[in-house]
Amino acid sequence: MPELPEVETVRRGLSPVMEGARIVRADIRRDGLRWPFPDRMADRLTGARVLRLARRSKYLLADLDTGETLITHLGMSGRMLISGHALGKFHHDHPAPEKHDHVVLDMENGARVTFNDPRRFGAMDLCDTAGLDAHKLIRVLGPEPLGNAFDEPYLMDALKRRNSPIKTALLDQGIIAGLGNIYVCEVLFRAGIHPTRKAARLSSTRAAGLVPIIRDVLGEAIESGGSSLNDYRQADGELGYFQHNFRVYGREGQPCVTQGCTGKIRRITQSGRSTFYCAQCQR
DNA sequence: GTTCTTACCTGAGGGC
DNA sequence: TGCCCTCAGGTAAGAA
């Protein structure tokens, strides 16, 4: 599931083949994914040079020399595949497009970038780079958890006014941008906070304590993705998914990893999503 | 205004 | 082997 760390890993993997390179061909293989693709997307991409590949929350942002930015969201199952580039060298050998390959970008350097998304929850849009912050998907986002605007006073204040469970509040992209179901579970476990606890009822000390934990969990995941990036990409050209060692996520019924704890990991449903936690460690 | 539920979508995995 | 059912989850829109 692409959350912030996975998207950042994808960005780092795409950067050497896309940044500074011109798109010589854009093959748009369907009308859209979650939403229709923008008008004349192929025309607007063809010939454009990628100036910079950035990330905001879970969105990949490719600034083009046409004054537009290509916004990409990987949704639930989106992947970026690179062909024609291995061991730092470019070639022009590409596999035939497969099912669910929706957008294929050929770069002038010979690399091919393919957006594959079986569940089609992903999205692509184009907007003026100058107006990016006002884009409907971007303007509703809260601060970046790894950025300077996200700090203890901010989070304490944001949580204080939320009556929803802390799990739900941390999933709210307007409070923090980029956390998804998996990392919220991991963060709450490390913080020792029960997922059903009301956000507003958290002590300011515990709310503030979430800030460094969120940074640590995301930072470690990015590092783990980055360190496995090269080997992984050389294997099959795929970016974005790595087997992290989760402490609670997906571990229902298994023993808690905390030393001395005899509890087992439980699974409950909150807002239609699975929450994993240890009832002994998290209160 | 806030919070909760549902729809979107396909593949994987379990049960029979 | 194959069919049916459930589940996974980011986001938006509608409901409560």
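So you know, we letter chains A, B, ... as the sequences are listed, proteins then strands, and number each from 1. Reckoned from all heavy atoms, side chains included, excluding hydrogens, waters and symmetry mates.
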Contact nearer the 5' end of DNA chain B, comparing A:P118 with A:R162: A:R162

Exercise: do A:S83 and A:R112 side chains pair donor with acceptor under 3.5 Å: no

Sugar-phosphate only, base, or nothing, as touched by A:D117 at under 4.0 Å among non-hydrogen atoms: nothing

Spacing of A:F121 atom CZ relative to C:dC7 atom C1', expressed in whole Å: 12 Å

Check: A:E108 side chain, A:R22 main-chain N or O, donor-acceptor pair, under 3.5 Å: yes

Bend angle of the helix from B:dT2-C:dA16 to B:dC16-C:dG2, end axes from five pairs each (to 10°): 50°

Ring pair (Phe, Tyr, Trp, His ring centres under 6.0 Å) partner of A:H73, the single match among A:F121, A:Y59, A:F115: A:Y59

For atom CG of A:L171 and atom P of C:dA8, their distance in whole Å: 14 Å

Touch class at under 4.0 angstrom, heavy-atom based, for A:K198 against every strand present: nothing

Euclidean distance, atom CG of residue A:L141 to atom C1' of C:dG10 [Å, nearest integer]: 12 Å

Touch class at under 4.0 angstrom, heavy-atom based, for A:R267 against every strand present: sugar-phosphate

Main-chain N/O of A:R119 paired to A:S77 side chain as donor or acceptor, under 3.5 Å: yes

Positional range of nucleotides in DNA chain B within the contact set of chain A, heavy-atom, under 4.0 Å: B:dT3 to B:dG11

Integer-rounded Å distance: C:dT11 P and A:R139 CZ: 15 Å

Within one Ile-Leu-Val-Met-Phe-Trp-Tyr cluster: A:M41 and A:V104, side-chain cutoff 4.5 Å: no

Whole-Å gap separating C1' (C:dG10) and CD1 (A:I175): 16 Å

Protein-nucleotides 12-16 of chain C N/O pairs under 3.5 Å:
unit_1 : atom_1 : unit_2 : atom_2 : d
C:dA12 : O4'    : A:R34  : NH2    : 3.2

A:I193 backbone acceptor or donor facing A:Q282 side chain under 3.5 Å: yes

A:H100: ring pair (Phe, Tyr, Trp, His ring centres under 6.0 Å) partners, not counting sequence neighbours: none

A:I71 CD1 to C:dT11 C1', straight-line distance once rounded to whole Å: 15 Å

Just the atom pairs and distances: protein N or O near nucleotides 3-6 of chain C's N or O, under 3.5 Å.
none

Closest heavy-atom pair and its distance - A:G180, A:L171: C-CD2, 3.3 Å

N/O donor-acceptor pair under 3.5 Å between A:Q270 side chain and A:T275 backbone: no

Under 4.0 angstrom between A:Q173 side-chain N/O and C:dT11 OP1 or OP2: yes

Any donor-acceptor pair under 3.5 Å from A:N109 side chain to A:V17 backbone: yes

A:H73 NE2 to C:dT11 C1', straight-line distance once rounded to whole Å: 7 Å

Nearest heavy-atom neighbours spanning A:P165 and A:T196: CB-O, 4.0 Å

Donor-acceptor contact present, side-chain A:S203 to main-chain A:R206, <3.5 Å: yes

Whole angstrom value for the distance that separates P of C:dG10 from CD of A:Q270: 14 Å

Atom CZ of A:R30: over 12 foreign heavy atoms under 6.0 Å: yes

Partners passing ring pair (Phe, Tyr, Trp, His ring centres under 6.0 Å) against A:F90 (at least two apart in sequence or in another chain): A:H85

